[in-house]
Amino acid sequence: MTTLLGTPAKLFQRHLPSLKQVRCLSGKVPHSTMPSPAEGSLHQPQRSKVAVGQMTSTSNREANYMICQQLAQAAVAEGCSMLFLPECFSFIGRSPAESVAAASSLEGPIMQRYLKLAQSNRLWLSLGGFQEHCSTDPQRLQNCHVIVDDTGQIVSTYRKVHLFDVEVFDGPVLKETSFTAPGKQLVTCDSPAGKLGVTVCYDLRFPEMYQLLAWQMGAQIMLVPSAFTVATGMYKFCSV
């Protein structure tokens, strides 16, 4: 058993090829914690079932898309209304330069393919971290978390605010600030699961951000999609 907003929920798991999996969670959102949606916003259902997909992305965009497509189909087969995908779901570069070169706009063909995936499956998608072209600095990208509704429309975008710089002892030197431009705004978004606080990975280290999202902006569920290296992932999971 697991819980969603303090309410018991059954956990479903389906194993797929290539070490990927989707887990579906269903839970009842308590009325006492559900703020009234703004006029014209999505009216959240009393009960919703969502899927959390896991995958190991590579620099092969086509292979990554095929895995995301399988995860979406598995989520729909389980009766889920929304699928949450990790950071770097569509691409992960072997170097910062490769990541910057691969960055594209949200109006480009790469993102459009995922919008069609949502539309064709009538499935909301949380695209946990997309390499978006930075319009103000061509030498950098922005790490953009995109929420897509079941008609294939982008309903929310969040650019990662807190960038990750680390030198691991006897390990890699990672400096996200060298190739990524930080975002400047906090974002919440209505969804079938409730009101989402939209963040990415290293944001988790800054609790004030989540206090603002929950207490001032009404977020009910916090999204923290991540793509860890082996070394940094080990440290995070042992210390958070």
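Note that these values count all heavy atoms, side chains included, but never hydrogens, waters or copies made by symmetry. Throughout, numbering of the chain's residues begins at 1 and tracks the sequence.
Qualifying side chain to side chain contact (heavy atoms under 4.5 Å, CB included) partners for Thr58, counting only residues two or more places apart in sequence or in other chains: Asn60, Asn64. Evaluation of the side chain to side chain contact (heavy atoms under 4.5 Å, CB included) rule for Pro225 yields His145, Leu223 as partners, not counting sequence neighbours. For Thr136, the side chain to side chain contact (heavy atoms under 4.5 Å, CB included) partners at least two apart in sequence or on another chain are Cys134. Under the rule for a side chain to side chain donor-acceptor pair (under 3.5 Å), the partners of Thr177 that lie at least two apart in sequence or sit in another chain are Asp165. Contacts of Ala72 classified as side chain to side chain contact (heavy atoms under 4.5 Å, CB included), with partners at least two apart in sequence or in another chain: Leu83, Leu117, Asn121, Leu123. With sequence neighbours excluded, no residue satisfies side chain to side chain donor-acceptor pair (under 3.5 Å) with Ser90.
For the pair Val146 and Met111, the minimum side-chain heavy-atom distance is below 4.5 Å. Side-chain contact between Asp203 and Val161 is present, with at least one heavy-atom pair separated by less than 4.5 Å. Under the 4.5 Å side-chain criterion, counting only non-hydrogen atoms from C-beta, Ser81 is not in contact with Asp150. The shortest side-chain heavy-atom distance between Thr151 and Arg122 falls under the 4.5 Å cut-off. The shortest side-chain heavy-atom distance between Ser126 and Leu85 does not fall under the 4.5 Å cut-off. Counting heavy atoms from C-beta outward, Val50 and Trp124 have side chains that stay 4.5 Å or more apart.
Between Ile92 and Ala227, the shortest heavy-atom distance links the atoms CD1-CB, 4.5 Å. The two residues Met55 and Cys68 have their closest heavy-atom pair at SD-SG, 3.7 Å. Among all heavy-atom pairs drawn from Met82 and Ile147, the shortest one is CE-CG2, 4.1 Å. The two residues Glu176 and His162 make their nearest non-hydrogen contact at OE1-O, 4.4 Å. What you find for Ala118 and Val148 is that their closest heavy atoms are CB-CG1, 3.8 Å. For Ser226 against Cys201, the heavy-atom pair with the smallest separation is OG-CA, 3.4 Å.
For the atom pair CD (Gln142) and NE2 (His133), the distance works out to 10.0 Å, reported to the nearest 0.5 Å. In this structure, CG on Leu196 lies 8.5 Å from OG on Ser156, to the nearest 0.5 angstrom. Taking CG from Leu125 and CG from Leu115, the interatomic distance works out to 8.5 Å, rounded to the nearest 0.5 Å. Considering CD of Gln119 and CD of Gln112, their distance stands at 10.0 Å, rounded to 0.5 Å. To the nearest 0.5 Å, atom SG of residue Cys189 and atom CG of residue Asp149 are 9.0 Å apart.
Between the side chain of Ser48 and the main chain of Pro192, a donor-acceptor pair closer than 3.5 Å is present. A donor-acceptor pair is defined here as one N or O able to donate and one able to accept, closer than 3.5 Å; such a pair exists between the side chain of Lys49 and the backbone of Glu78.
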side-chain contact (heavy atoms from CB on, under 4.5 Å), that's the test. Do Phe164 and Thr180 meet it? Break it down for me.
CA-CA 10 Å; Phe164 183 59; Thr180 304; over 6 Å; no
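Leu163 is not connected to Tyr158 by any chain of hydrophobic side-chain contacts under 4.5 Å among Ile, Leu, Val, Met, Phe, Trp and Tyr, and they are in different clusters.
For residues 61-72, the pairs satisfying salt bridge (Lys or Arg N to Asp or Glu O under 4.0 Å) are Glu62-Arg113, with sequence neighbours left out. For residues 125-147, the pairs satisfying salt bridge (Lys or Arg N to Asp or Glu O under 4.0 Å) are Glu132-Arg159, Asp137-Arg140, with sequence neighbours left out. Residue pairs meeting the side-chain hydrogen bond (donor to acceptor under 3.5 Å, both in side chains) criterion with at least one partner in residues 95-104, sequence neighbours excluded, are Arg94-Glu98. Judged as a ring-ring contact (aromatic ring centres under 6.0 Å, His included), the pairs with a partner in residues 80-116 (not counting sequence neighbours) are, in order, Tyr65-Tyr114, Phe89-Tyr114.
In the hydrophobic clustering, Leu141 connects to Val100, Phe179, either directly or through intervening members, whenever side-chain heavy atoms lie under 4.5 Å apart.
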Pairs of donor and acceptor atoms involving the side chains of residues 206-218, under 3.5 Å and at least two apart or interchain, shall be tabulated with distances.
residue: Tyr210; atom: OH; partner: Thr199; partner atom: OG1; Å: 2.8
residue: Tyr210; atom: OH; partner: Leu204; partner atom: N; Å: 3.4

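Within a 6.0 Å radius of NZ in Lys116, no more than 12 heavy atoms belonging to other residues, nucleotides or ligands are found.
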